[in-house]
J.: 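Right, I'll just put the structure down here and ask away after.
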Amino acid sequence: MQEFALILVSSILVNNFVLAQFLGLCPFMGVSNKLETAIGMASATTFVMTLAAISSYLVNSWILVPLGLEYLKTIAFILVIAVVVQFTRMFIEKTSPLLYRVLGVFLPLITTNCAVLGVALQNTAKNRTFFEASLYGFGAALGFSLVLILFSALRERLSVADVPEPFQGAAIGMITAGLMSLAFMGFAGLV
Amino acid sequence: MALTRNSSPHAHGPRSTQWVMQQVLIATVPGLIVLTSFFGIGTIINILIASITAIGCEAAVLKLRQRPIGFYLRDYSALVTAVLLGLALPPLAPWWLAVTGTAFAIIIAKHLYGGMGFNPFNPAMIGYVVLLISFPLQMSAWLAPSGLVIDGTVAATPGLRDALQIVFAGNAIDGFTAATPLDAFKHNSGLLVENFYQQTPQFNQGRWAGFGWEWVNIAFLLGGCYLLGRKVFTWHAPVGMLGGLTLMALFNYDGGSSASNGSIIFHLLSGATMFGAFFIVTDPVTSATSNRGRLIYGALIGVILFLIRSWGNYPDALAFGVLLMNFAAPFIDYYTPPRTYGHGKSGTIIHRSKED
C-alpha cells in the first residue's frame with residue numbers, strides 16, 4: 001500500500017512531468033490561456049495517459065517481449081497511443097458531443113504530447129508491474145493536470161498585468177514556468 | 001480573464017501603499033533586534049547591501065521602462081522586499097549573495113511582471129529560493145547564536161571589523177558556524193527525542209525549541225501582532241498557516257520516538273515559521289484575495305512546510321511552500337469569490353423583509 005502511495009507522490013509532485021522532467025511542454029504552454037479549456041484538456045489527457053500506460057504495458061509484455069521485438073517499442077508505443085487517442089475521440093464523439101466540441105482540435109493533438117510516450121517508455125525502462133505501470137500513468141496525468149490547471153488560472157491574471165513589451169505572451173509564460181520549476185525543486189527527497 | 005465591473009457602493013481605503021509598507025518595516029524591528037543580539041551585526045549588513053541593491057535595480061528598471069522613478073521608490077515596496085530577504089539570509093553571508101538574490105527578486109520576480117501589484121510570486125521568496133538552489137553551501141552556513149555553549153566553549157559572534165572582512169573579503173567563518181535546531185533535528189539518527197534534546201547543545205540550553213531561534217520567532221510574532229493590531233492584514237492567512245502546521249504536527253506526533261517529526265511547539269518556534277506567517281504569507285499581492293481563500297492558502301502553506309521539513313531534503317521550506325501556493329492562489333481565488341454586497345451566502349439576492 002505504501003509503495004503505491006509513493007508512486008503517486010513521486011509522479012505527481014517530485015518527478016512532475018512538466019516542471020521536473022520538462023515533458024509535455026507544448027500543451028502546457030499552448031492550452032493554458034483559459035481555465036476552462038485547460039480543465040477540458042487536463043481531463044482528456046488524464047484519460048488518454050492512463051489508458052495508454054495500461055495498453056502499452058500489455059503490448060510490451062504480450063507481444064513485444066515474447067517475440068523478442070523490444071527494439072521496436074518506441075514505434076509500437078506511438079502506434080498504441082495514436083490508437084488510444086483515436087478510440088477516445090470516437091468514444092467522446094458518440095457519448096458526449098458537447099464535450100467533443102469543447103475539446104475540438106486538442107483531442108487529436110494529445111497524440112503528440114510527449115508526456116504520454118514518456119510514461120510508456122519509463123514504465124518499460126523501470127520494469128514496473130502492471131498495477132504500478134497503470135498507477136504511474138494515472139499519477140503522471142494527475143501531476144500534468146494539476147500544473148496545467150493552476151498555470152492557466154495564473155496566466156489569466158498575467159494577461160491583464162503590465163508586462164514589458166518584449167516579455168509579453170509566451171515569454172513571460174516561460175519565465176513563470178521556470179520559477180514554478182524552482183518551487184517544485186523543494187519536493188526533492190520526499191520519496 | 002473577465003474583469004467584472006462592480007457597481008457602487010465602493011469602499012475606499014484611506015491607506016496608501018507607503019503607509020502599509022512603513023508599518024511592515026517598523027514591525028520587523030523586534031525580530032531584527034533579536035536576530036542581531038544572537039547572530040551579531042551580520043543581519044544588518046545583509047539588509048543594508050540588499051536595500052542598496054534593491055533601490056538601484058528598481059530605479060534602473062523604472063528608468064528603462066520610462067516610469068516615474070521617485071513615485072515608485074517612495075512606496076517603499078522595493079525596500080520591504082530587500083529587508084525581508086536580508087532578514088532571511090544567513091548572517092555574514094558573502095556580499096554577492098545578497099546582491100544576486102535581491103537583483104533577481106526585483107528585476108525578474110517583480111518588474112518583468114509589470115512591477116508592484118502584478119507579481120504572481122513573492123519577490124523576496126523567489127530571491128531566497130534562487131540562492132538556496134544555486135549556492136546551498138553559503139545558504140546553510142548559519143552562525144552559532146552567541147552565548148551557546150558547545151563542547152565547553154561559549155560561542156561569540158564576530159565584531160564589526162571581523163564581520164566586514166568576512167562579508168566583503170571572503171575570510172573563512174568556520175569557527176563560528178553551527179547547525180540550526182531544524183538542521184540538527186533533521187540529522188537525529190536513532191535517538192529518542194528526549195535523549196537527543198539532552199545531548200544537543202542547541203536544545204539542552206534552549207527553553208522550547210532550540211537556543212536563540214525560539215526568541216527570534218517570538219520577536220517576529222510580536223511584530224506580527226503589531227501589524228494585526230494596526231489592521232495591515234486580516235488574521236486569516238497567518239492563522240491558516242499556523243493552524244495547518246499545528247494540525248500536521250499534531251497528527252504526526254508520536255510521543256518523541258527516534259523517528260519523530262518534532263512536537264508542535266518545536267515546529268511553531270523554529271526556523272522561519274513566525275517570520276513567514278506574519279511577513280511573507282500576508283503579502284496582499286501574491287496571496288489569495290478573499291478571506292476564505294486566504295484561510296485555505298495559509299493552511300496549505302503550513303501543510304507543505306511540515307511535509308518538506310519532515311520528509312524532504314531541505315531543513316526549512318517556508319520559501320518553497322509560499323511559492324507553490326503563490327502558484328495556486330489565482331486558482332483558489334477562482335473558486336472562493338468574495339460575497340458581493342447585497343447578496344446572501346449562497347449567492348442569492350437577499351429579499352426585503354415584509355416590514356419594509
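Just so we're on the same page: letters track the sequence lines, and every chain starts at 1.
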J.: Under 4.5 Å heavy-atom distance to chain A, tell me which part of Ile126(B) shows up: side chain, backbone, both or neither.
T.: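 When you check distances to chain A, only side chain atoms of Ile126(B) fall under 4.5 Å.
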
J.: Is the Lys NZ or Arg CZ of Arg128(A) less than 6.0 Å from the centre of Tyr136(A)'s six-membered ring, within 45° of the axis?
T.: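 Yes, cation above the ring, under 6.0 Å and within 45°.
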
J.: Walk me through whether Asn60(A) and Thr124(A) qualify under side chain to side chain donor-acceptor pair (under 3.5 Å).
T.: CA-CA 8 Å; Asn60(A) 187 53; Thr124(A) 49; 5.2 Å; no

J.: What residue, out of Phe327(B), Trp311(B), Phe118(B), Phe320(B), has the most heavy-atom pairs lying under 4.5 Å from chain A?
T.: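 Ranked by heavy-atom pairs under 4.5 Å with chain A, first place is Phe327(B).
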
J.: Using a 4.5 angstrom heavy-atom cutoff, name the option from Gly189(A), Ala171(A), Ala188(A), Pro164(A) with the most pairs to chain B.
T.: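 Counting heavy-atom pairs under 4.5 Å, the top option is Pro164(A).
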
J.: Looking at every non-hydrogen atom in both residues, tell me the closest pair between His111(B) and Arg65(B) and how far apart they are.
T.: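 Smallest interatomic distance, heavy atoms only, reads O-NH1, 4.2 Å.
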
J.: Tell me whether Gln18(B) contacts the main-chain N or O of Tyr76(B) through its side chain, where contact means a donor paired with an acceptor under 3.5 Å.
T.: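 No: the side chain of Gln18(B) does not pair with the backbone of Tyr76(B).
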
J.: Ring centroids only, cut at 6.0 angstrom: are Phe135(B) and Trp96(B) within range, meaning strictly under it?
T.: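 Yes.
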
J.: For Leu23(A) versus Ala115(A), what's the shortest heavy-atom pair and its separation?
T.: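 In terms of heavy atoms, the two residues are closest at CB-CA, 4.1 Å.
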
J.: Can you give me the closest heavy-atom contact between Asp316(B) and Arg309(B), atom names plus distance?
T.: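 That closest heavy-atom pairing would be OD1-NE, 2.9 Å.
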
J.: Pick from Leu323(B), Ile133(B), Leu64(B): which one has the most heavy-atom pairs with chain A under 4.5 Å?
T.: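 When all of Leu323(B), Ile133(B), Leu64(B) are compared, Ile133(B) has the most.
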
J.: What part of Ser152(A) lies closer than 4.5 angstrom to a heavy atom of chain B: side chain, backbone, both or neither?
T.: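 Neither; nothing under 4.5 Å.
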
J.: Select one option (side chain, backbone, both, neither) describing which atoms of Leu146(A) are under 4.5 Å from chain B's heavy atoms.
T.: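 Neither part.
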
J.: The test is side-chain contact (heavy atoms from CB on, under 4.5 Å); show your working for Phe266(B) and Thr273(B) and say whether it passes.
T.: CA-CA 10 Å; Phe266(B) 169 73; Thr273(B) 306; over 6 Å; no

J.: Checking heavy atoms, do the side chain of Asp333(B), its backbone, both or neither come under 4.5 Å from chain A?
T.: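 For Asp333(B), the side chain is the part near chain A, not the backbone.
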
J.: Is chain A contacted by the side chain of Tyr113(B), its backbone, both, or neither, given a heavy-atom distance below 4.5 Å?
T.: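 Contact with chain A is through both the backbone and side chain of Tyr113(B).
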
J.: In terms of heavy-atom proximity below 4.5 Å to chain A, should Ile332(B) be classed as side chain, backbone, both, or neither?
T.: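 Neither; nothing under 4.5 Å.
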
J.: Where does Ala317(B) contact chain A at under 4.5 Å (heavy atoms): side chain, backbone, both or neither?
T.: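 Contact with chain A involves no heavy atom of Ala317(B) at all.
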
J.: Do Phe187(A) and Phe184(A) have ring centres separated by under 6.0 Å?
T.: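 Between Phe184(A) and Phe187(A), which both carry aromatic rings, the centre distance is below 6.0 Å.
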
J.: Please state whether the side chain, the backbone, both or neither of Phe104(B) comes within less than 4.5 Å of a heavy atom of chain A.
T.: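 Only the side chain of Phe104(B) comes within 4.5 Å of chain A.
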
J.: Check each atom of Val147(A) against the heavy atoms of chain B and say whether the ones under 4.5 Å are side chain, backbone, both or neither.
T.: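 Looking at Val147(A), backbone and side chain both touch chain B.
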
J.: Looking at Pro330(B), Gly115(B), Gly117(B), which makes the most heavy-atom pairs under 4.5 Å with chain A?
T.: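 Between Pro330(B), Gly115(B), Gly117(B), the count favours Pro330(B).
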
